[in-house]
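On a predicted model such as this, the values are computed, not experimentally measured, just so you know. Below, chains carry the letters A, B, ... as their sequence lines are ordered, and counting in each starts from 1.
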Amino acid sequence: MNGLGAFRRQLSRAAAQVGAKVCGAKGEAEPFAARYPQAMIRNDLLAAVHDALIELGVAEVPSGVVIERPARPEHGDWSTNAALVCSKVVGRNPREFGQELADLLTANLPEHVESLEIAGPGFVNFRLANSWLHDVLTEVVGQGQDGYARSDQGAGTTVNVEFVSANPTGPLHAGHGRWAAYGDSLCRVLARCGYLPHAETYVNDRGVQIQLFGASLAARKAGEGVPADGYRGQYVIDWAAEMPDGVDPAEWGVQYALADQKAALAAMHVSFETWSSEKEAVESGASESALERLKKGGHVFEADGAVWLRTTTFGDDKDRVLIKSDGEMTYLLPDVGYHELKYSRGSLIIDVLGADHHGYVPRMKAALQALGHAPESYEAIVGQNVRLLRDGKEVKLSKRAGDMVLLQELVDDVGPDVARFAYLMQSIDTPLTIDIDALQMQSSENPVFYVQYAHARIHSIGKQAKERGIQRQSLEDANLSLLDGKRELQLLRELFSLPEVLEAACRDRAPHNVSTWVRELAGAFHGFYRDCPVLRDDVAPEVQQARLWLTEATRIGLAIGLDLLGVDAPEQM
RNA sequence: GCGCUCGUAGCUCAAUUGGAUAGAGCAUCUGAUUACGGAUCAGAAGGUUUGGGGUUCGAGUCCCUACGAGCGCGCCA
């Protein structure tokens with residue numbers, strides 16, 4: 001299915017190029033064809049391969065035929081698996097068939113292609129003239145930091161992204177930082193891809209836990225032990241000492257906790273457009289109206305003195321209680337009402353949750369479907385939890401444990417950039433281990449500095465150039481064909497791939513792709529910097545100009561990547 | 001017991017969603033600077049992708065199975 005989609009996309013790009021109307025690809029956004037002329041290379045190649053296959057007797061080209069960038073440079077700039085995919089259809093040995101395909105294509109080389117060959121099990125590899133990469137530079141500089149690698153994939157879809165949503169019964173710990181960094185970066189990625197994200201966090205400021213928290217504060221203020229199942233953390237004692245007389249401990253405590261959480265998030269450079277109060281949502285009647293609609297839909301029943309939602313209709317493994325036999329609502333009902341409210345702030349609802357909440361997803365999904373929402377309008381992203389190491393041993397992240405590590409503490413120690421990069425470096429699907437000592441002690445070799453250093457170096461070149469009276473002349477006058485060194489071309493390849501990386505990061509909700517990319521770009525730049533002097537006296541002025549432009553393009557790429565991660569792009573370290 | 005998510009170099013993780021010889025960083029070892037910032041670069045070493053089956057031109061990726069890990073399984077939130 002993916003293969004078919006990809007094929008259609010590629011086809012429609014090819015078709016768009018020759019001005020043809022694409023049928024059967026309804027609703028598929030085509031950002032690259034419109035915005036990234038250099039992506040046309042792929043369209044040309046695909047169209048050429050397609051034609052050649054038909055000429056070779058392939059009646060219907062299978063959907064799996066793609067043009068892709070080989071992992072290894074020796075395999076050329078682009079390659080196609082056409083012979084492998086088609087060999088069965090035509091009943092031929094892939095290698096033989098591939099040879100015919102290669103011969104046919106060689107007889108009529110597509111534009112920009114210098115040579116092509118068959119390799120491995122039957123891949124056809126294309127080698128292109130460097131000029132296609134020089135076009136990338138023009139593209140990056142022309143579109144600029146604002147325009148390059150920006151797509152309209154989201155087509156203005158409003159999307160509500162809820163993340164962090166920690167109970168206001170204590171400070172945020174280092175585990176919450178993962179969701180803060182992830183959610184914030186995801187919003188940036190979505191925004192760059194044409195979505196209109198709305199960052200939101202939910203405050204569970206009512207219910208049993210809040211009462212317990214208030215009781216714990218009151219007890220500590222009175223110098224007593226906390227009630228059974230109360231909050232035992234040291235912070236409760238500290239906070240209680242600041243609590244004035246005559247206030248409602250629960251209310252005061254919630255406000256205190258919220259202020260504390262906001263401060264920690266601000267230190268991480270994370271902010272929300274909406275802090276949504278459960279209490280206010282309930283008072284607004286959202287829960288009742290949701291319940292009414294569920295009843296009307298025939299999804300509600302009573303049993304054992306409680307009110308139930310028949311979530312099993314929509315695939316949950318058991319039905320769920322909405323109102324307990326004591327008349328109190330469970331957590332679910334207000335949350336359903338709250339999600340209903342969120343649809344006014346986004347047509348797509350994304351919840352970023354920790355692994356400990358994954359069991360909750362089917363019932364929410366079911367409830368929203370029962371309310372008539374399309375299943376695909378709700379998306380739960382379940383991330384793996386964070387493991388924290390300090391002094392080589394694991395620190396448990398529990399409000400009750402005394403050795404908890406606060407998010408604020410972590411950010412104070414290593415700064416927001418190091419923290420964010422550490423959180424964003426790996427897939428949300430894998431458990432994240434954060435070694436606090438390593439973050440601090442290796443700070444000079446931390447990957448985030450590696451990337452930031454590249455950006456600072458570029459700025460330094462600019463400063464040097466100014467001091468020496470060297471100015472960048474217009475791009476049209478630059479002879480970019482002089483950029484033909486291994487380092488220079490590698491840098492351009494990296495820049496070329498950003499739109500694809502971004503598209504993948506958006507589609508897969510995986511900002512860590514950007515982290516990986518930005519490190520690669522920085523690596524390519526450091527190599528270039530080492531081997532390709534820009535301002536040195538023995539560099540010919542023409543080369544100097546071309547390299548200055550390459551440097552500028554790299555700066556743009558780094559700035560875009562770091563911005564997507566919410567990490568600062570410093571001019572000096 | 002059932003369910004979900006996973007298992008990749010000594011460690012932390014990637015892998016263009018099924019592609020070619022599985023790549024980076026850290027740690028280890030060896031080199032590079034009268035140079036635009038050495039917070040850098042080049043090289044070496046490190047692997048039966050947890051084990052076993054299957055699907056096909058082709059599997060780290062998909063299916064089955066065993067083992068191992070984390071997390072869920074409430075009229076808690």
Just to be sure I understand the rule, does A:Q452 reach a base, reach only the sugar-phosphate, or reach nothing, if contact means heavy atoms closer than 4.0 Å? nothing
Requested in this report: Establish, from distance only, whether the side-chain atoms of A:Q452 and A:D417 form a donor-acceptor pair under 3.5 Å.
Outcome: yes
Read 5' to 3' with Watson-Crick or G-U pairs under 3.5 Å, [ ] for crossing pairs and | for partners on another strand, RNA chain B gives (((((((..((((.....[...)))).(((((.......))))).....(((((..]....))))))))))))....
Practice prompt. Report which part of the nucleic acid A:C532 touches: base, sugar-phosphate, or nothing (heavy-atom distance under 4.0 Å, all strands).
Written response: base
A:K295 meets the side-chain contact (heavy atoms from CB on, under 4.5 Å) criterion, sequence neighbours left out, with A:L291, A:E292, A:V300
Whole-Å distance, A:N81 CG to B:U56 C1', equals 14 Å
*Under 4.0 Å between any heavy atoms, over every strand shown, what does A:D356 touch: base, sugar-phosphate, or nothing? Just pick one.*
sugar-phosphate
Atom CG of A:N167 and atom C1' of B:C76 are separated, to the nearest Å, by 11 Å
Inset, instruction - State, yes or no, whether a side-chain contact exists between A:E278 and A:Y338 at a heavy-atom distance under 4.5 Å. - result: no
Here the distance between atom P of B:C57 and atom CD of A:Q99, to the nearest Å, is 21 Å
Nearest-nucleotide check on RNA chain B, A:V534 vs A:R487; residue mapping nearer the 5' end is A:V534
**Message:** With a 4.0 Å cut-off on N to O distance, would you call A:R509 and A:E379 a salt bridge?
**Reply:** yes
A:I323 atom CD1 is separated from B:C76 atom P, nearest whole Å, by 13 Å
Review point. With a cut-off of under 6.0 Å to the ring centre and 45° to the axis, is A:R457 in cation-pi contact with A:F525?
Key: no
Q: Assess whether atom CD of A:Q572 is packed by more than 12 heavy atoms of other residues, nucleotides or ligands within 6.0 Å.
A: no
Among the nucleotides B:A77, B:A20, B:C36, whichever has the atom closest to the side chain of A:H75 is B:A20
*NZ/NE/NH1/NH2 to OD/OE distance under 4.0 Å, A:E200 and A:K342*: no
A:I118 CD1 to B:A20 C1', in whole Å, measures 12 Å
Ranking B:C41, B:C75, B:A77 by distance to the side chain of A:Y360, first place goes to B:A77
Sequence neighbours excluded, the answer for side-chain contact (heavy atoms from CB on, under 4.5 Å) partners of A:D326 is A:K324, A:E328
Discussion item. Please give the distance between the C1' atoms of B:A32 and B:U21 as a whole number of Å.
Written reply: 28 Å
**Prompt:** Base, sugar-phosphate, or nothing for A:T330, non-hydrogen atoms under 4.0 angstrom?
**Reply:** sugar-phosphate
Original post:
Taking everything shown except A:E60 itself, do over 12 heavy atoms lie less than 6.0 Å from its CD?
Top reply: no
Main chain of A:L495, side chain of A:W517: is a donor-acceptor contact present, judged purely on distance under 3.5 Å?
no
A:W308 CH2 to B:G74 P, in whole Å, measures 10 Å
field: Side chain A:S460 and base B:C36 donor-acceptor under 3.5 Å
entry: no
**Request:** Decide, applying a 5.5 Å centre-distance limit and a 30° plane-angle limit (both strict), whether A:F123 stacks on B:G19.
**Result:** no
Scanning both residues in full, the closest heavy-atom pair of A:I470 with A:L548 reads CG2-CD1, 4.0 Å
Output one line per pair: protein atom, nucleotide atom from nucleotides 43-47 of chain B, and distance, for all N/O pairs under 3.5 Å.
none

Output field: ring centroids A:F123/A:H75 closer than 6.0 Å: no
Notebook entry, point to check: For A:K318 and B:G74, is the shortest distance between a side-chain N/O and OP1 or OP2 below 4.0 Å?
Noted result: yes
How would you label the contact of A:V85 with the nucleic acid (heavy atoms, under 4.0 Å): base, sugar-phosphate, or nothing? base
A:D537 CG to B:C36 P, in whole Å, measures 9 Å
Original post:
Touch check for A:D335, heavy atoms < 4.0 angstrom, all strands: base, sugar-phosphate only, or nothing?
Top reply: nothing
What does A:A119 touch in the nucleic acid at a heavy-atom separation under 4.0 angstrom: a base, only the sugar-phosphate, or nothing? base
Taken to the nearest whole Å, CG/A:L84 to P/B:G58 is 10 Å
Its contact letters, B for base, S for sugar-phosphate only and - for none at protein heavy atoms under 4.0 Å, make nucleotides 4-16 of chain B read BS------SSSSB
Considering only heavy side-chain atoms of A:M573, the closest of B:C75, B:C41, B:A39 is B:A39
Does A:R320 have a side-chain nitrogen or oxygen under 4.0 Å from the phosphate oxygens OP1 or OP2 of B:G74? no
So A:A355, base contact, sugar-phosphate only, or nothing? Heavy-atom distance under 4.0 Å. sugar-phosphate
Query - Any donor-acceptor N/O pair under 3.5 Å between B:A20 base and A:S79 side chain - result: yes
N or O in side chain of A:R457 less than 4.0 angstrom from B:C41 OP1/OP2
no
### Message
Students often get this wrong, so: under 4.0 angstrom with heavy atoms, is A:R92 touching a base, only sugar-phosphate, or nothing?
### Response
nothing
RNA chain B nearest-nucleotide lookup for A:D531 and A:S87: closer to the 5′ end is A:D531
Taken in chain and number order and not counting sequence neighbours, the residues that satisfy side-chain contact (heavy atoms from CB on, under 4.5 Å) with A:E117 are A:N125, A:R127
Distance, C1' atom - from B:A9 to B:U28, rounded to whole angstrom: 13 Å
**OP:** Report which part of the nucleic acid A:Y450 touches: base, sugar-phosphate, or nothing (heavy-atom distance under 4.0 Å, all strands).
**Re:** sugar-phosphate
Students often mix this up, so state it plainly: with edges at 30° and 60°, are the rings of A:F301 and A:W308 parallel, tilted or perpendicular? parallel
Review point. Are A:F496 and A:D77 side-chain neighbours, meaning at least one heavy-atom pair lies under 4.5 Å?
Key: no
Please state the P separation for the pair B:A24 and B:G18 - nearest whole angstrom. 23 Å
